[in-house]
Amino acid sequence: MGMTEALLKKAARDLTQQEAFDLFIFLVEQDEISVVDPIKTNDAGEVTSLKPGRQVKIQTTIAGVDFFKARGINPGANGSAGATQMASFTPTPAFAVVLYRLANWLSSEWQITRIVYGGIGAGGGANATDCHMTGHCVDFYGATTQGGQDFDVRRDWWTRTVYRKDNGKPHASNGWDRWSNDTNTYFRLAISNDAQDQVPAQFFSDVYEFVTEQCTLGPDIADDLFRNGHPLRPGTVMHPDYPVAGVPGVVAGRRGHNDHIHFQLGNAYE
């Protein structure tokens with residue numbers, strides 16, 4: 001197995017900065033990722049204009065999939081509504097690899113042509129070392145298929161009823177957090193019998209599976225726990241069924257992630 005082939009098979013979270021950089025350059029050479037500014041090299045052919053671990057400015061079409069930036073503060077029922085395509089964003093080379101793999105995988109498995117995102121190289125600006133600002137995390141709002149079917153975290157997940165496992169009745173709710181203050185949470189769509197929840201359950205389970213394979217997780221985080229509706233544990237992957245309620249803008253948790261899935265490489269703060 002050649003070096004490039006080995007790196008292509010290695011989980012993004014396990015890549016060294018140099019390996020991620022080498023793989024990023026390879027993907028640029030393969031026209032899977034497009035940089036905004038021409039790459040400069042020295043007489044030995046070594047890249048001099050970019051550095052391992054440093055953010056890179058790339059175009060927002062990756063592996064043939066267009067990335068559209070979410071509005072951010074969007075009070076409507078559809079968190080992806082009003083998303084627009086920006087000219088570029090600035091992930092680290094390693095996270096650019098994550099974005100490539102996400103786009104390539106969703107394109108293959110679901111014929112996805114558009115991904116709605118937030119916070120790649122930009123964020124609220126409250127902390128300059130936040131992973132959104134420094135380009136090694138993303139907020140995933142939803143996606144659209146080639147056939148026009150779209151998936152939205154808020155509409156197709158957060159707004160849906162939380163059913164109790166023991167009797168199938170709606171879970172207690174405080175009106176805007178259907179888990180109230182509970183910490184014994186599970187992926188609500190996994191145990192829903194509602195017909196409209198079945199395909200979104202599969203889609204979001206697949207996205208979660210991708211994250212567990214590629215990104216930083218935390219202890220005891222596994223795809224089968226999520227996909228099968230087992231109790232969830234806190235970690236770095238946040239979503240509408242995250243077991244910690246949190247306070248939006250203060251403490252991370254499900255109340256600050258009612259319209260997106262957050263996933264990352266490394267720590268939230270550098």
Side-chain angles (χ1 to χ4, degrees), residues 1-70 84-108 113-140 210-211 213-217 236 262-270:
M1 182 184 297
M3 181 180 296
T4 300
E5 185 178 355
L7 294 183
L8 285 168
K9 294 180 179 295
K10 193 172 184 179
R13 61 171 167 262
D14 297 329
L15 294 168
T16 67
Q17 287 191 354
Q18 185 62 55
E19 288 174 336
F21 184 75
D22 293 343
L23 188 50
F24 170 77
I25 295 298
F26 170 78
L27 292 171
V28 171
E29 292 172 344
Q30 296 299 307
D31 294 325
E32 299 287 0
I33 297 175
S34 299
V35 294
V36 172
D37 301 314
I39 294 177
K40 297 179 181 179
T41 59
N42 59 21
D43 292 339
E46 300 167 330
V47 175
T48 58
S49 56
L50 303 172
K51 302 289 184 183
R54 301 281 183 86
Q55 287 172 261
V56 290
K57 195 175 196 180
I58 64 175
Q59 295 179 17
T60 54
T61 297
I62 301 175
V65 175
D66 295 325
F67 283 71
F68 274 57
K69 187 177 184 298
T84 56
Q85 189 169 24
M86 311 298 286
S88 64
F89 44 38
T90 54
T92 62
F95 208 74
V97 170
V98 172
L99 298 174
Y100 160 74
R101 289 176 173 174
L102 176 66
N104 188 58
W105 188 69
L106 287 181
S107 175
S108 174
T113 59
R114 176 185 297 183
I115 290 172
V116 180
Y117 75 94
I120 303 176
N127 192 318
T129 64
D130 176 273
C131 63
H132 288 292
M133 299 293 289
T134 51
H136 55 277
C137 66
V138 68
D139 290 339
F140 179 92
F210 170 86
V211 174
E213 292 174 351
Q214 297 294 328
C215 297
T216 302
L217 303 175
T236 59
H262 167 98
F263 48 93
Q264 65 193 56
L265 287 179
N267 298 324
Y269 299 96
E270 292 186 339

Self-check item: For Lys57, salt bridge (Lys or Arg N to Asp or Glu O under 4.0 Å) partners two or more places apart
Solution: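 Lys57: no salt bridge (Lys or Arg N to Asp or Glu O under 4.0 Å) contacts found.
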[X] side, atom [atom1]; [Y] side, atom [atom2] - distance, nearest 0.5 Å:
X: Thr92; Y: Arg54; atom1: OG1; atom2: CZ; result: 12.5 Å
X: Leu99; Y: Ile58; atom1: CG; atom2: CD1; result: 6.0 Å
X: Ile120; Y: Ser88; atom1: CD1; atom2: OG; result: 11.0 Å
X: Gln55; Y: Leu50; atom1: CD; atom2: CG; result: 12.0 Å
X: Tyr117; Y: Asp66; atom1: OH; atom2: CG; result: 11.0 Å
X: Ile33; Y: Phe26; atom1: CD1; atom2: CZ; result: 11.0 Å

Could you check if a side-chain atom of [X] sits within less than 4.5 angstrom of a side-chain atom of [Y], using non-hydrogen atoms only?
X: Thr61; Y: Gln59; answer: no
X: Phe67; Y: Gln85; answer: no
X: Asp139; Y: His132; answer: yes
X: Asp130; Y: Tyr269; answer: yes
X: Glu19; Y: Asp14; answer: no
X: Phe24; Y: Val35; answer: yes
X: Val65; Y: Leu106; answer: no
X: Phe95; Y: Thr134; answer: no

Quiz item: Are the side chain of His136 and the backbone of Asn267 linked by a donor-acceptor contact shorter than 3.5 Å?
Solution: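 Yes, His136 side chain to Asn267 backbone: donor-acceptor pair under 3.5 Å.
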Practice problem: Under the ring pair (Phe, Tyr, Trp, His ring centres under 6.0 Å) rule, collect the residues that match up with Phe263, sequence neighbours excluded. | Solution: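 Phe263: no ring pair (Phe, Tyr, Trp, His ring centres under 6.0 Å) contacts found.
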Exercise. Give a yes-or-no answer on whether the side chains of Gln264 and Thr236 include a donor-acceptor pair shorter than 3.5 Å.
Key: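 There is no such pair between these side chains.
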Quiz prompt | Residues forming a side-chain hydrogen bond (donor to acceptor under 3.5 Å, both in side chains) with Gln18, sequence neighbours excluded | solution =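 Expected list: Asp22.
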